[in-house]
Engineer: 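Below is the structure I would like to discuss, written out as structure tokens.
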There are 2 protein chains.
Amino acid sequence: MDELRNKSGLTETEFLAGYDAGKFDRISVTVDMLLFSVMDQDEDNYRKLPEKQLKVLLVRRGDHPCIGQWALPGGFVNADESLDAAAARELKEETGIDHIYMEQLYTYGSPRRDPRTRIVSTAYMALLDRAIELQAGDDAADARWFGVERQVLQEVRTNTGRGSVVEQLVELRLSNQTVHLSGVMKITKTIDGKVTRFNREIVDSCGIAFDHTDIISYGLERLRNKIEYTDIAFSLMPEYFTLTELQQVYEVILDRELLKANFRRKIAPMVAETNMRKTDAGHRPSKLYKYNPNWVEDVF
Amino acid sequence: MDELRNKSGLTETEFLAGYDAGKFDRISVTVDMLLFSVMDQDEDNYRKLPEKQLKVLLVRRGDHPCIGQWALPGGFVNADESLDAAAARELKEETGIDHIYMEQLYTYGSPRRDPRTRIVSTAYMALLDRAIELQAGDDAADARWFGVERQVLQEVRTNTGRGSVVEQLVELRLSNQTVHLSGVMKITKTIDGKVTRFNREIVDSCGIAFDHTDIISYGLERLRNKIEYTDIAFSLMPEYFTLTELQQVYEVILDRELLKANFRRKIAPMVAETNMRKTDAGHRPSKLYKYNPNWVEDVF
DNA sequence: GGAATAGTGTCTATGAGACACTATTCA
DNA sequence: TGAATAGTGTCTCATAGACACTATTCC
């Protein structure tokens, strides 16, 4: 095969020897890591269960651009590593964690999304099954968990002659004890004739760096969709858990309450009972379950 | 805000003036366009309806690397355009088409996926509602439609101690009157404890350039999933169509037959009847429908 | 008339949702 | 004992699937 020659009469080996990568614009490529976890809120009443909250990990930027703002952890892709490997490496560097669920989310490539230079960034989403202590004085000097809330502020539906436009204003609020961040996205679905287009635009961003408001809100939407038809929720659970804890994770992500009996029927095939129980809770103990790894879904 | 200074005492303006993009490895970024359409097969019996087939557009490579093989149309992203814009531009250049459905699929970034240099490529999927004539002597000298077939060759399920592994061998066959291409993917889902990982690997590729076997098979999976819960199928239909034609499009993408009565009930809210009919077909004429752009789904 | 597609009616099985009820700890 | 959660039973309604049937065109 190496004997094939192109119009200039070159074999592939000869062609590659003379190839100049610099003749096309080269671009900096980074990965950003959207790390979610679900953690307990403290509860004063010993009898009540602690509430759960969806958290995202952000890092305070210590340098320009967006100095002082909060950003997703991430960094440049090295010459010899795949995007997946770069994302896993960044996660490990920032948090010391490995072997957790991770998937590629979306690639952001607006020409001016970073004032330094043209940067294309591939966002990944990862899910963590526990709270981790963030060691201060690390590479990421100032990494913190933020509680995540999302709210639709406004929805406008317009009928145009050739179709319709649906426009939503969605607010994202990220907060912990000391810091409160927020951003607003305008998400538009336009149907023009038969052509449907989606558009996402950051309308307002308060303390969130770059276009990370968009990434976080998109990741949240993906998580919300996937929890309905995959087993992704178990990536957020410890090895043993009660069904109520599992239900709380679903509720916090879907942002609505579920009926216990129905929930249990639905997830029954995905879990396996153990003979352990969680006791000393000020009320009836509950069985501990674990993920049933032999659960068969429609695979791919 | 510009008055914030970093540890070196620089304002953002000063910082940016001294920023050297070259200190990190820069990478070539391209877009690849997976363009699908559904076209009629010729039918000899005048009474029978023509069968439909899913098609993908490929371009024969005239230069190294992968000279002589068939690839997705695509090209380098320009310095000043977004990824979406680059994908739309490439599509327009190769086919003369614009204003069609398009979405970002996935970003491929293995270090050695292209022998020239490190290339990260963002794949897009677009859907076309008609057959277009491919003008020879174009930029893409040799662009052709290929019929797409996918077949699961083997599925192996293994129970490991800590979980399970499901491994599928999937063959992709692309063909037209003169050219027959094929590729085989090994798609693996590994559950290890609670951590689920997916892996896609090209096992064999016969005449399909680079990692495009992976892109095409992934796009096909995405199309198959989305046709079940979105209105994406209408992007593949002309303005007016019969319900049987619409059903054929679903069948060709899902690769299974559907029951007519059930199909019609299901898509009824998405279509609007017209008072036109399709006649002279050697059998009972059928009503023409169009997409109902006021159909309300759960929006986002 | 007959070949072919167009189009409809209805039964059943399954699953989602609502709701009411019983059971069990432990301070 | 009572506050709280754990856990179950059952009804209804909506939807997916199977299947059988009627209707209409045009050669």
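When reading the values below, keep in mind they use all heavy atoms of this one structure, side chains included, and skip hydrogens, waters and symmetry mates. Order of the sequence lines sets the chain letters (A, B, ...), proteins ahead of strands, with each chain counted from 1.
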Engineer: Between C:dG15 atom C1' and A:Glu228 atom CD, what is the distance in whole Å?
Structural biologist: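 After rounding, the gap between these two atoms is 14 Å.
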Engineer: Starting from C1' on C:dA4, measure out to CG on B:Leu49 and report it in whole angstrom.
Structural biologist: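 Spelled out: CG on B:Leu49 to C1' on C:dA4 is 8 Å.
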Engineer: Please enumerate all residues that pass ring pair (Phe, Tyr, Trp, His ring centres under 6.0 Å) together with B:Tyr106, with sequence neighbours excluded.
Structural biologist: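 Only B:Tyr108, B:Tyr218 meet the ring pair (Phe, Tyr, Trp, His ring centres under 6.0 Å) criterion with B:Tyr106.
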Engineer: Once you round it to whole Å, what is the distance between C1' of C:dA3 and NE2 of B:His283?
Structural biologist: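 Answer to the nearest Å: 10 Å.
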Engineer: For the atom pair NZ (A:Lys278) and OG1 (A:Thr242), what is the distance rounded to the nearest 0.5 Å?
Structural biologist: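 Those atoms lie 5.5 Å apart.
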Engineer: Taking 5' to 3' order, which nucleotide of DNA chain D is first and which is last to have an atom within less than 4.0 Å of a heavy atom in chain B?
Structural biologist: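 Range of nucleotides within reach of chain B: D:dG17 to D:dC27.
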Engineer: Regarding B:Glu228 and B:Arg256, does a basic nitrogen lie under 4.0 Å from an acidic carboxylate oxygen?
Structural biologist: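 Yes, this pair counts.
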Engineer: Which residue, A:Thr244 or A:Gly282, contacts DNA chain D at a nucleotide closer to its 5' end, judged by nearest heavy atom?
Structural biologist: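 Counting from the 5' end, the first nearest nucleotide belongs to A:Gly282.
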Engineer: Can A:Lys52 and A:Glu245 be counted as an ion pair, charged N to O under 4.0 angstrom?
Structural biologist: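 The answer is no: the pair does not qualify as a salt bridge.
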Engineer: Start with the C-alpha distance between A:Thr95 and A:Leu35, add both sets of side-chain angles, then the distance that settles side chain to side chain contact (heavy atoms under 4.5 Å, CB included), and finish with yes or no.
Structural biologist: CA-CA 10 Å; A:Thr95 63; A:Leu35 179 62; 4.1 Å; yes
Engineer: Salt bridge or not for B:Glu167 and B:Arg157, using N-O below 4.0 Å?
Structural biologist: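 Looking at B:Glu167 and B:Arg157, the cut-off is not met.
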Engineer: Quick one: do B:Glu221 and B:Arg200 make a salt bridge, cutoff under 4.0 Å?
Structural biologist: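 Salt bridge between B:Glu221 and B:Arg200, a charged N being under 4.0 Å from a carboxylate O: yes.
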Engineer: Check the pair B:Glu273, B:Lys287 against salt bridge (Lys or Arg N to Asp or Glu O under 4.0 Å), reporting the backbone distance first and the verdict last.
Structural biologist: CA-CA 7 Å; B:Glu273 202 174 313; B:Lys287 281 184 203 142; 3.4 Å; yes
Engineer: Excluding sequence neighbours, so at least two apart, what forms ring pair (Phe, Tyr, Trp, His ring centres under 6.0 Å) with A:Phe234?
Structural biologist: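 Partners of A:Phe234 by the ring pair (Phe, Tyr, Trp, His ring centres under 6.0 Å) criterion, ordered by chain and then number, come out as A:Phe241, A:Tyr291.
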Engineer: List every contact pair, protein side and nucleotides 12-14 of chain C side both N or O, where the distance is under 3.5 Å.
Structural biologist:
none

Engineer: Specify the residues of residues 253-272 of chain A, ordered by number, for which at least one heavy atom lies under 4.0 angstrom from an atom of DNA chain C.
Structural biologist: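 Contacting residues: A:Leu259, A:Ala261, A:Asn262, A:Arg265.
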Engineer: Who passes ring pair (Phe, Tyr, Trp, His ring centres under 6.0 Å) against B:Tyr101, sequence neighbours left out?
Structural biologist: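 Once residues adjacent in sequence are excluded, B:Tyr101 has no partner under the ring pair (Phe, Tyr, Trp, His ring centres under 6.0 Å) criterion.
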